[in-house]
Amino acid sequence: MQVPVDLGLQAKPKGPDTLIDVRDMRIYYATTAGEAKVVDGVDLRIYRDEIFGVAGESGCGKSTFVEGLLRLIKLPGYIKSGTAQFFPKNVEGKEPDEPIDLLKISQQDMRKLRWKHIAYVPQGAMNALNPVMRIDDQIVDAIHAHVNMSRKDAIELMLKQLNMVGLPPYVANQYPHELSGGMKQRVTIASSISLSPDVLMADEPTTALDVNIQRIILQELKEIRERLGLTIVYVSHDMAVHAELADRMGIMYAGSVVEVGTTIDIFKRPLHPYTQGLIKSIPKIGGPRERLVGIPGLAPSPLAWPSGCKFHPRCSKAMDICRQVAPRLGVVEEGRQVACHLYETQPKVESENSERTLSEIKLHV
Amino acid sequence: MQKYKRFLFYVLRKVATYLFTIWAAFTITFFLFRSLPGDPVSAWAGALQQRYAVNMAGGSEMVEAYRKQFGLDKSISEQYFSWMYNAIVHQKLGPSFVNFPRPVEELLAERIPWTVGLLSVSILLAWVIGLLLGALAGWLRNSWISSLLTNYAVVISQVPPYLVAVMLVLWLGYSWRILPTQGAWDAQYTKGFNLPFILSVLKHAILPSVSIILVSVAGWILSTRSLIVNILGEDYLIYAEAKGLPTSQLLLRYGLRNALLPQTTGLALSLGFIMSGQLLIETLFLYPGLGELLARAIGAFDFNTIMGCVMLSIVTVMTASLIIDLLLPLIDPRVRAVVS
C-alpha cells in the first residue's frame, strides 16, 4: 500500500487501514465582507470500517467539511487548498492502492465515485427525496447511473435494501409525502448504501427526528455497519449521539480539528479545553442537581477568526502564546491528537478530566 | 368509497366557486360601465356633432329612438336582468353599436379564431422558449449566459410591450419592408382553405406574434430561473447530485420536473387570458381580433360589445383555472393527497 508522506501530524496506529487522509483542507466562501474561512485547515485520517464522529458547535464547519469531501461545495464557496487522499476498493481503471485526491479530481470523475464509493445522507434527510417521484424511481435511477443492470434486478436490489432498514416493500411505490420522517430517513439510508459504498457520509441525519426514532436509526446504522463492513463518517453536534455510535471522534472548532481520539478516551479524558467544555455541557440524568457549565461566549465568525489559537477568547486557560501562535494538531499519545499549547511540552498527560491537573500543567508551561 | 365522496365534494366546491366568481365578475363589470357618465348613443351623437358640425338639437327624437332600441331608457336594474335573461336563456348578447346592427355574439364568433390562433401559438411558444432559457439561466446561474438572459428579461419586462411592437414595425415593416404590418391577410386572396391565403395569414401573424413572444418570454425566463435556482438549493437536488446522477438527469428529472408544476398552472392561466385578446398589439397591427374589437367598443361606449368581450374572457379565464384545479391532482402527488 502506498502510504502518503506522513507529515508527523498524525500517528498511524498499527492495524487499521486508512480510507481517507485529509491534510490541511481549506474551504472558503467569497462574501462581500471578505473571505469566510469556513473550513480552515482540517487534518484528519479516517480508517476503514470505523464509525468516525465529527463533533462541534453549529457553524464550526462540520457540514462544509463533509460537503467538501463530497465535492458538493457550491459557489461562492470554493476549495482553497489541501488534499484528501481516498483509498477505495475496486475503482475501475485504477490500481488497487493508488489514492484518489477527492479535492482535486474532476467533477466527471467525482460523479463516478459518488454513491458507488462515497455515499451521502444529507443534513435535511427529511427533504432529500424528490417530492414528485416515487421512491423506487429515485433509487433505481441512482443504481442505473452506476451499474449496468436490468430494471428488474435494480428493483430487487432496492427491495433488499429497504428490507435491511426495516421498511415494507410497498414503500417503493409511494411518494415521499406519504412516508413519515423516520421512514424517509430510512429510505435515504437504504438508498445510500445500496451499492455498498466504501464510506457513508452522514450529516446530522437524525436531527429532525424525535429521540425514539433517532435511537432506532442509530441502532440500524450500527447493524448495517457490522453486516456490510461500512465506514461511516457521522457528523453531529450532539455529543450523546457520538457517545452511542462513534468508534473514534474528531472535535472541530472554528474550521479546524482540535482533538482526535477514540470516543472512550475523549469522553473520559477530554484534553482540549473546548472538548472539556462540550462534555461539561451535556446534562446528566440522575445525580445531584447542578447548573450546567457551558462554554462562555459565542462561536467566532469565519470572516475574522481570532488570532493565534481560535479558541483563546473563550478559553479559561488561555496564555500569552495562545493569542499569537496557532497551535497545530499534534500527537499526544498513541491514537490521540490535540491542537493546544497546553500539551505541546507535555505530550503525555495522565489526567482524569480534572481542572487541577490541567492547571498544574499550565504552571509547567 | 369515502375517497370518491371527498373527491366529488372537492369538484362540487370548485364548480360552485367557479359559477359564483363568474357571476360576481359579470355583475361588477356591468354596473361599473353603466356608472360611467354617458352612453353609446349620446357618445355617438356627440361625436357626430363635433366631427361634422351637425346640429343635434332636432335629433333628440332620433337619439331617443336609438336609446330605446338599446334598452337604455329602462332603469339599470331592468337592463341588468334583461341582459342576464337574454344571455343565459337565448344566448343573445344584444346588438352592437360599433358594428350596428350586427349582434354582439356574431361579432365575437367572427373574431375568436383570429385571436385564438395568434395568441395560443404565441403563448405556447413563449412558454416553451421561456422555460428552457429560464432553466438554462438558473442552471448556469454564475455564467455570462445567465446574466445576459436575466438582463434581457428584466429590461424587457420594464419596457411597455407596445414599444417592442412599434420597434419591430419600424425596422422590419417600414425600414426593411420584409413583413406586412397591418391586418391579418392580404386582400387579394380569397378567404378559405387555400395555400396562398394560409401563407398570407402566417406572414401577417409573424410581427404581432414575435412582439408578443419577445415580451412574454421575459416573464417566463425570470420565473423559471428563480424556480430553478430555488430548486438547486433544495436538499433533494443536492442528494440527487450526491447520488452521482448525470447532469442531464439532474436538470430534467429533478430540476425542471419540479419547476414544471407552478409553470403549468401559469401557462393554463395565461391561455385562459387568450379571450381577452391583446388590446394594444391587435390595435397596433389592426389585427381583426377580440382585443381590437374591445378597444373600439370602449371608445364608442358600446355596452353590449364590452359586456360580450368581458364575459367571454371572464368565462375562459375561470374555466382555465377550474381545469387546472381539477387537473392538478393528476400532476402533483401532493395535491392528490390533500384532495382524496
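Quick note on labels: first sequence line is chain A, next is B, and so on, each numbered from 1.
Under 4.0 Å is where a charged nitrogen must lie from a carboxylate oxygen, and between A/Asp198 and A/Arg48 at least one such pair does. Taking the charged nitrogens against the carboxylate oxygens, A/Glu35 and A/Arg26 have no contact shorter than 4.0 Å, which rules out a salt bridge.
At least one donor-acceptor pair closer than 3.5 Å links the side chain of A/Thr188 to the backbone N or O of A/Gln185.
If you measure heavy-atom distances from A/Tyr120 to chain B, the contacts under 4.5 Å come from both the backbone and the side chain. Within the 4.5 angstrom heavy-atom criterion, only side-chain atoms of A/Lys74, from C-beta onward, approach chain B. With a 4.5 angstrom heavy-atom cutoff, B/Leu232 does not touch chain A via any of its atoms. Using a 4.5 Å cut-off between heavy atoms, A/Met110 makes no contact with chain B at all. For A/Gln138, the parts sitting under 4.5 Å from any heavy atom of chain B are the backbone and the side chain alike.
No other option in A/Ala119, A/Ser191, A/Pro76 has as many heavy-atom pairs under 4.5 Å with chain B as A/Ser191. Between chain A and the options B/Leu237, B/Leu245, B/Ile238, B/Asn142, the largest number of non-hydrogen pairs under 4.5 Å is found for B/Leu245. The most heavy-atom pairs under 4.5 Å with chain B, out of A/Leu113, A/Asp137, A/Leu72, A/Val132, come from A/Val132. With chain A as the partner, the residue from B/Gln249, B/Arg253, B/Glu234, B/Arg141 showing the most heavy-atom pairs under 4.5 Å is B/Arg253. Listed options B/Pro246, B/Gly233, B/Ala240 were ranked by heavy-atom pairs under 4.5 angstrom with chain A; first place goes to B/Pro246.
The closest side-chain donor-acceptor pair between B/Ser211 and B/Tyr162, if any, does not fall under 3.5 angstrom.
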